[in-house]
Number of protein chains: 2
Amino acid sequence: MSEFKTDVILKGDCIQVLKSLPDASVDAVFADPPYNLQLGGDLLRPDNSRVDAVDDDWDKFDSFAAYDAFTRAWMAECRRVLKPEGTIWVIGSYHNVFRLGSAIQDLGFWVLNDIVWRKSNPMPNFKGTRFTNAHETLIWAARSQGQKRYTFNYDALKAFNEDTQMRSDWTFALCTGEERIKDADGKKAHPTQKPEALLHRVLLASTRPGDVVLDPFFGTGTTGAAAKRLGRRYIGIEREDDYIRVAEKRLAAVVPANPEDLAVMGSKRSEPRVPFGALVEAGLLRPGDRLYAPDGSREARVRADGSLIHGDLTGSIHKLGALMENAPACNGWTYWRFKTDQGFKSIDTLRAEIRAAM
Amino acid sequence: MSEFKTDVILKGDCIQVLKSLPDASVDAVFADPPYNLQLGGDLLRPDNSRVDAVDDDWDKFDSFAAYDAFTRAWMAECRRVLKPEGTIWVIGSYHNVFRLGSAIQDLGFWVLNDIVWRKSNPMPNFKGTRFTNAHETLIWAARSQGQKRYTFNYDALKAFNEDTQMRSDWTFALCTGEERIKDADGKKAHPTQKPEALLHRVLLASTRPGDVVLDPFFGTGTTGAAAKRLGRRYIGIEREDDYIRVAEKRLAAVVPANPEDLAVMGSKRSEPRVPFGALVEAGLLRPGDRLYAPDGSREARVRADGSLIHGDLTGSIHKLGALMENAPACNGWTYWRFKTDQGFKSIDTLRAEIRAAM
DNA sequence: TCTCGCAATGAATCTTTCT
DNA sequence: CAGAAAGATTCATTGCGAG
């Protein structure tokens, strides 16, 4: 059993290092894999022979096959390392994203969304032979189909987006200027450094404070920087010493946000359940009290066990609400009202009282 | 050798019909194949109305393997039928587009761009479980690598796009309202009719007047309608009699446009907004920073998700502003201020900064 | 005739907990 | 594990009918 440390950069080949990590140990994976088919040594056939540069159709197919084998090898390890309720993010462009997406599906992940990173300042197509390639694609997937309990901070992103739900197209500027890390000689330290804002949104959406985020292609550590800033933990895997040095220096300088500012808008689903009967027990409502439909057209009587009665119809607040409206379902908490000196009030205000006292 | 007519709808299974077409005979292919959606049960909106889902038999496949086999069969025939300098367009969503893209690459096509159709009015995610699925993806590919003589009307598109290069993300509204073809009983005639503006741009970009455009999944004939309007020829393949009838009637009514009239068919410009959360992502504000009400009497703290907190009140800039003022609504952008060396400034100035960088 | 409010709807892989 | 019950959940646009 290997040791499991977080907030570290593990040096080595990503597949080898992944194999050393325990099963079901990380909450999220973010992967920005190489797609240049000739990127030094990454591309090995299943038999470990190296793929040469290629031109003709047959070899092209061969190189796609090699890329697929490589992809499926690291991705399968990521799946093993991921907790059941964890999710994976991968990013790519049209060169490789179809390979990534097919692999994700074939390995048993369940795609939740594809997200478009719309670049506000893309590099123009100088020759005028194609459309300006102005976006990249992220794929977000759960570990398996039917896994409904993945982390998604829906309400946080809705607040972020000024109270309308976050869409699948995100606009960010390229990583340039101050943020772009340069060598001593002024050259960019890494060819594909991602904007930290992108990682900020990814982690805010799909992880919680304290979660462990794994990045098998760590590069200069954008994932780690965003994780640290947001109070998440990270594990980076990187092969190149140069990148590791840059990342370590970068990460040392990152100042985490205060824990109390990392709280985000919570969901109602995460609040404790309060049975309607508890309102009666607490004396906020009494047996015999009347509840009223939103338009006042109907009423029901509260019984001692927290059920409602209307004529010869009885049931929970939800069931009776649905019956009143002849609807397939009804949230009784927001449906029923009770009478006060100041007029009608939702029974949900009484639930809030109980929760506040808890 | 089969007869080769254009401006026709060929009835039958698309693979069978494709086999009857001669080699190297069409200039472009546009294909909107089944998406293999894999839906669960019914989906209800919050108001309990039922979503009219795509549950047609033609969209059901037993497995990814079955879908891949189908995809490669029709796509290989399309490649055979395509002229050497011809290009293919396919459209899909995350359910199927990775399969399409991998097949395109494996069959020897050469991807030129992937294009994002950004929907200005997508259906929301009713249950709050994912990001709003607000786009679909098109793939544009040449018949083979090294084929440089494909048609791309660079200058036309640049003029079309207010003299800047056309990007890979396009914004269009869904096909609704008058454009959406209805049955006699008022139901939509086809579940997935595409907006003609999308096809208009596709054909304008990648074909010339007189070119032959093949659509192997013709449906109600949007490709044919755009082709006819633009002075291109079309060949549609469709299996369902109902769709063919609708398409024939539709096509008969299409009037080819005068070239000078075509310029007006641009897309609605509805650029993405800059949400408040983006200021936090960009580092213009940090979690923990203070915002102040106009009269300075109240303050709130910024959190990582762009929500504000004041005591135990939380919410978006708008919601918390409204709470502060005990008002029904509030424009948070003009309400909140932050402190600088030069005194207080509106957060709206920060939004302007981000927009300027875009 | 014009305005306002309400209903309808679009390629959707759309819940969680307890018995 | 299946089934029942609790309970949470929507954005932009079009069209129609009331006023």
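Because only heavy atoms are used, hydrogens play no part in the values below, and waters and symmetry mates are left out as well, while side chains stay in. Labels below follow one simple rule: chain letters A, B, ... track the order of the sequence lines, proteins then strands, and each chain is numbered from 1.
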**Asked** What distance, rounded to whole Å, do you find between the two P atoms, one in D/dC16 and one in C/dT1?
**Response** 16 Å

Restricting to nitrogen or oxygen on both sides, can you table the protein-nucleotides 16-19 of chain D pairs closer than 3.5 Å?
none

**Message:** What I want to find out is whether A/Arg149 reaches A/Glu85 closely enough, with some N-O distance under 4.0 Å, to be called a salt bridge.
**Reply:** no

Show me, pair by pair, the donor-acceptor contacts under 3.5 angstrom made by side chains of residues 317-330 of chain A, not counting sequence neighbours?
unit_1   : atom_1 : unit_2   : atom_2 : d
A/His318 : ND1    : A/Gly332 : N      : 2.9
A/Glu325 : OE2    : A/Tyr335 : OH     : 2.5

**Request:** May I ask you to decide if B/Ser49's main-chain N or O and B/Asp47's side chain share a donor-acceptor pair within less than 3.5 Å?
**Result:** yes

**Message:** Students often get this wrong, so: under 4.0 angstrom with heavy atoms, is B/Glu178 touching a base, only sugar-phosphate, or nothing?
**Reply:** sugar-phosphate

**Prompt:** Do the numbers put B/Lys60 on top of the ring of B/Trp58, so that NZ or CZ is under 6.0 Å from the six-membered ring centre and no more than 45° off the axis?
**Reply:** no

**Item:** A/Glu162 with B/Arg273: basic N within carboxylate O range, under 4.0 Å
**Value:** yes

**Asked** In whole angstrom, what separates B/Arg118's CZ from D/dA12's C1'?
**Response** 12 Å

Exercise answer: donor-acceptor pairs, residues 350-358 of chain A side-chain atoms, under 3.5 Å, sequence neighbours excluded:
unit_1   : atom_1 : unit_2   : atom_2 : d
A/Arg351 : NE     : A/Asp348 : OD1    : 2.8
A/Arg351 : NH2    : A/Asp348 : OD1    : 2.9
A/Arg355 : NE     : A/Pro272 : O      : 3.0
A/Arg355 : NH1    : A/Glu271 : OE1    : 3.3
A/Arg355 : NH2    : A/Pro272 : O      : 2.9

**Message:** For C/dT13, does the O4'-C1'-N9-C4 or O4'-C1'-N1-C2 angle fall within 90° of 0, making it syn, or is it anti?
**Reply:** syn

**Item:** Nearest-nucleotide 5' precedence on DNA chain D, A/Pro275 against A/Tyr154
**Value:** A/Pro275

**Contact nearer the 5' end of DNA chain D, comparing A/Ile317 with A/Lys158** = A/Ile317

**Asked** So what does A/Arg351 touch, heavy atoms closer than 4.0 Å: a base, only the sugar-phosphate, or nothing?
**Response** sugar-phosphate

**Rounded C1' spacing from D/dA6 to C/dA11 in Å** = 31 Å

**Prompt:** Just by distance, do the side chain of B/Arg180 and the backbone of B/Cys175 share a donor-acceptor pair under 3.5 Å?
**Reply:** yes

**Fill in**
When rounded to whole Å, the CZ to C1' distance for the pair A/Arg167 and D/dT10 reads 14 Å

**Message:** Is the shortest side-chain heavy-atom distance between A/Val264 and A/Phe160 below 4.5 Å?
**Reply:** no

**Message:** Between the side chains of A/Arg301 and A/Asp289, is the shortest nitrogen-to-carboxylate-oxygen separation below 4.0 Å, so that they form an ion pair?
**Reply:** no

**salt_bridge(B/Glu196, B/Arg250) N-O dist < 4.0 Å** = yes

**Prompt:** Atom CH2 of A/Trp333 to atom P of D/dA6: distance rounded to whole Å?
**Reply:** 11 Å

**Item:** Base-paired stems in DNA chain C, each at least three Watson-Crick or G-U pairs under 3.5 Å
**Value:** C:2-10 with D:11-19, C:15-19 with D:2-6

**Request:** Quick one: do B/Arg118 and B/Asp169 satisfy salt bridge (charged side-chain N to carboxylate O under 4.0 Å, His left out)? Show the steps, please.
**Result:** CA-CA 7 Å; B/Arg118 186 181 169 274; B/Asp169 59 301; over 6 Å; no

**Fill in**
Counting primed atoms, P, OP1 and OP2 as sugar-phosphate and everything else as base, the B/S/- map of nucleotides 7-19 of chain C against protein heavy atoms under 4.0 Å is --BBBBBBSBS--

**Request:** Can you tell me, in whole Å, how much space there is between the P of C/dT16 and that of D/dT9?
**Result:** 11 Å

**Asked** Closer than 4.0 Å, any side-chain N/O of A/His318 to the OP1 or OP2 of D/dG7?
**Response** yes

**Fill in**
A/Leu157 atom CG is separated from D/dC11 atom P, nearest whole Å, by 13 Å

**Request:** Could you work out the separation of D/dG7 and C/dT19 based on their P atoms and round it to a whole Å?
**Result:** 13 Å

**Prompt:** If you measure from the P atom in D/dA8 to the same atom in C/dA12, how many Å do you get, rounded?
**Reply:** 26 Å

**Request:** Give A/Ser316 one of three labels, base, sugar-phosphate or nothing, depending on what nucleic acid heavy atoms sit under 4.0 Å from its own.
**Result:** sugar-phosphate

**Message:** Among residues at least two apart in sequence or on other chains, which ones pass ring pair (Phe, Tyr, Trp, His ring centres under 6.0 Å) with B/Tyr234?
**Reply:** B/Phe218

**Request:** Indicate, with a heavy-atom threshold strictly under 4.0 Å, whether A/Val274 touches base, sugar-phosphate, or nothing.
**Result:** sugar-phosphate

**Complete:** Whole-Å distance, A/Leu308 CG to D/dA6 C1', equals 14 Å

**Parallel, tilted or perpendicular, as decided by the 30° and 60° cut-offs, for the rings of B/Phe172 and B/Trp170** = perpendicular

